[in-house]
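Heads up: the structure comes next, in structure tokens.
FYI, the numbering just counts along the sequence from 1. Model, not experiment: these values are computed from the prediction.
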Amino acid sequence: MTVRFAVLGDSIAYGQGAARPADTVGARLRRDLAAHGIPTELHVLAVPGATSAGLAAQVDRALAEPPQVALIIIGANDLTRFVPPEQAAAQLADAVRRLRDASAEVVVAPAPDLSVVPWVPVQMRAVVRAGSELLHAAQTRVALTAGARVADVGMTSATGFTHDQGLFSADRFHPSSAGYAVIATALAPTVRAAATAARQATG
């Protein structure tokens with residue numbers, strides 16, 4: 001059985017900065033699932049620049065042909081635009097609930113640690129990290145409550161990005177192809193578990 005797999009969220013979910021489409025998160029995860037015997041039909045609905053407020057429209061599009069697995073990567077733009085963490089988290093929770101109501105297995109990758117981004121001044125990094133952690137915690141809490149699985153890549157993969165500037169693309173903000181490999185590797189076990197559950201649920 002082929003699993004309908006939707007990727008929602010922002011430019012990282014979309015793959016901005018990757019050298020080629022095959023290097024994006026969605027494409028890498030599709031290959032990982034295929035390697036584990038789970039063929040997928042991939043639909044990337046993410047929009048570069050999206051904040052959590054934009055998830056509602058993306059979910060509308062997704063539900064036109066409801067996915068069995070949905071991955072949401074969101075939070076970076078909420079941070080750069082100073083969206084209050086609880087507001088962004090509430091918008092994420094609504095998106096998760098709607099997808100879960102449509103019987104989708106949902107994986108959420110919360111906000112990344114933007115303090116590792118090269119253009120963030122050294123003297124601002126502690127503040128940016130604290131803000132990232134606040135949103136990350138709020139997103140994690142509401143996602144779990146709404147029935148999603150959380151893939152905690154935003155903070156756990158930050159160390160790699162701190163020490164290897166090659167993980168960033170030329171704009172020094174979005175991941176490079178190598179950076180997307182790191183992110184996809186971190187996401188893969190949770191997405192795989194969601195896809196396995198989706199297949200079992202549909203028999």
Side-chain angles (χ1 to χ4, degrees), residues 1-50 52 54-55 57-77 92 95-96 99 102 104-112 116-117 143 148-154 156-158 160-161 164-199 202:
M1 182 194 80
T2 300
V3 172
R4 288 190 303 278
F5 177 29
V7 180
L8 300 84
D10 54 23
S11 56
I12 297 175
Y14 181 82
Q16 189 169 343
R20 56 193 185 127
D23 294 339
T24 62
V25 168
R28 288 180 183 277
L29 290 172
R30 179 176 56 186
R31 291 197 298 275
D32 177 82
L33 290 169
H36 287 84
I38 306 174
T40 59
E41 178 185 309
L42 176 65
H43 298 274
V44 178
L45 304 172
V47 177
S52 296
L55 289 175
Q58 293 182 32
V59 172
D60 286 344
R61 292 170 58 203
L63 293 181
E65 189 177 357
Q68 289 146 308
V69 177
L71 169 64
I72 302 176
I73 303 175
I74 200 74
N77 297 309
L92 170 62
V96 171
L99 290 163
E105 293 289 333
V106 182
V107 176
V108 170
V116 305
V117 173
R149 302 164 192 260
V150 173
D152 188 8
V153 299
T156 56
S157 64
F161 281 84
D164 186 357
Q165 297 300 294
L167 298 182
F168 288 97
S169 63
D171 68 8
R172 302 177 71 227
F173 183 80
H174 295 97
S176 63
S177 289
Y180 281 114
V182 170
I183 294 169
T185 297
L187 287 170
T190 309
V191 172
R192 210 179 299 139
T196 299
R199 291 185 88 185
T202 54

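Taking both residues in full, the closest heavy atoms of Pro67 and Ala62 are given as CD-O, 3.6 Å, listed atom of the first, atom of the second, then distance. Between Val47 and Arg61, the shortest heavy-atom distance links the atoms CG2-NH1, 4.3 Å. Of all the heavy atoms in Ala6 and Leu45, the pair that sits closest is CB-CD1, 4.3 Å. Listed here is the closest heavy atom pair of Pro112 and Gly75: CD-C, 4.5 Å. For the pair Thr40 and Thr2, the tightest heavy-atom approach, listed with the atom from each and the gap, is C-CG2, 3.6 Å. Across Glu65 and Glu41, no two heavy atoms sit closer than the pair OE2-OE2, 4.0 Å.
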Check residues 186-198 and write down every donor-acceptor pair under 3.5 Å in which the side-chain atom is one partner and the other belongs to a residue at least two apart or another chain.
residue: Arg192; atom: NE; partner: Asp32; partner atom: OD2; Å: 3.0
residue: Arg192; atom: NH2; partner: Asp32; partner atom: OD1; Å: 3.1
residue: Arg192; atom: NH2; partner: Asp32; partner atom: OD2; Å: 3.2
residue: Thr196; atom: OG1; partner: Arg192; partner atom: O; Å: 2.9

Less than 3.5 Å apart, which donor and acceptor atoms pair up between the side chains of residues 22-31 and the rest of the protein, not counting sequence neighbours?
residue: Asp23; atom: OD1; partner: Arg20; partner atom: NE; Å: 3.2
residue: Asp23; atom: OD1; partner: Arg20; partner atom: NH2; Å: 3.4
residue: Asp23; atom: OD2; partner: Arg20; partner atom: NE; Å: 3.3
residue: Asp23; atom: OD2; partner: Ser177; partner atom: OG; Å: 2.6
residue: Thr24; atom: OG1; partner: Pro21; partner atom: O; Å: 2.9
residue: Thr24; atom: OG1; partner: Ala27; partner atom: N; Å: 3.4
residue: Arg28; atom: NE; partner: Asp23; partner atom: O; Å: 2.8
residue: Arg28; atom: NH2; partner: Ser177; partner atom: O; Å: 3.2
residue: Arg31; atom: NH1; partner: Ala22; partner atom: O; Å: 2.8
residue: Arg31; atom: NH2; partner: Ala22; partner atom: O; Å: 3.0

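Among Leu8, Val150, Leu71, Leu99, the single residue meeting the side-chain contact (heavy atoms from CB on, under 4.5 Å) criterion with Val106 is Leu99.
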Original post:
side chain to side chain contact (heavy atoms under 4.5 Å, CB included) between Ile12 and Ile74: does it pass, once the steps are laid out?
Top reply: CA-CA 8 Å; Ile12 297 175; Ile74 200 74; over 6 Å; no

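Side chain of Gln58 to backbone of Gly9: a donor-acceptor contact under 3.5 angstrom is found.
Atoms CZ and NE2, from Arg4 and His43 in turn, are 7.5 Å apart once rounded to the nearest 0.5 Å.
You'll find the side chain of Leu33 stays beyond 4.5 Å of the side chain of Val69, heavy atoms only.
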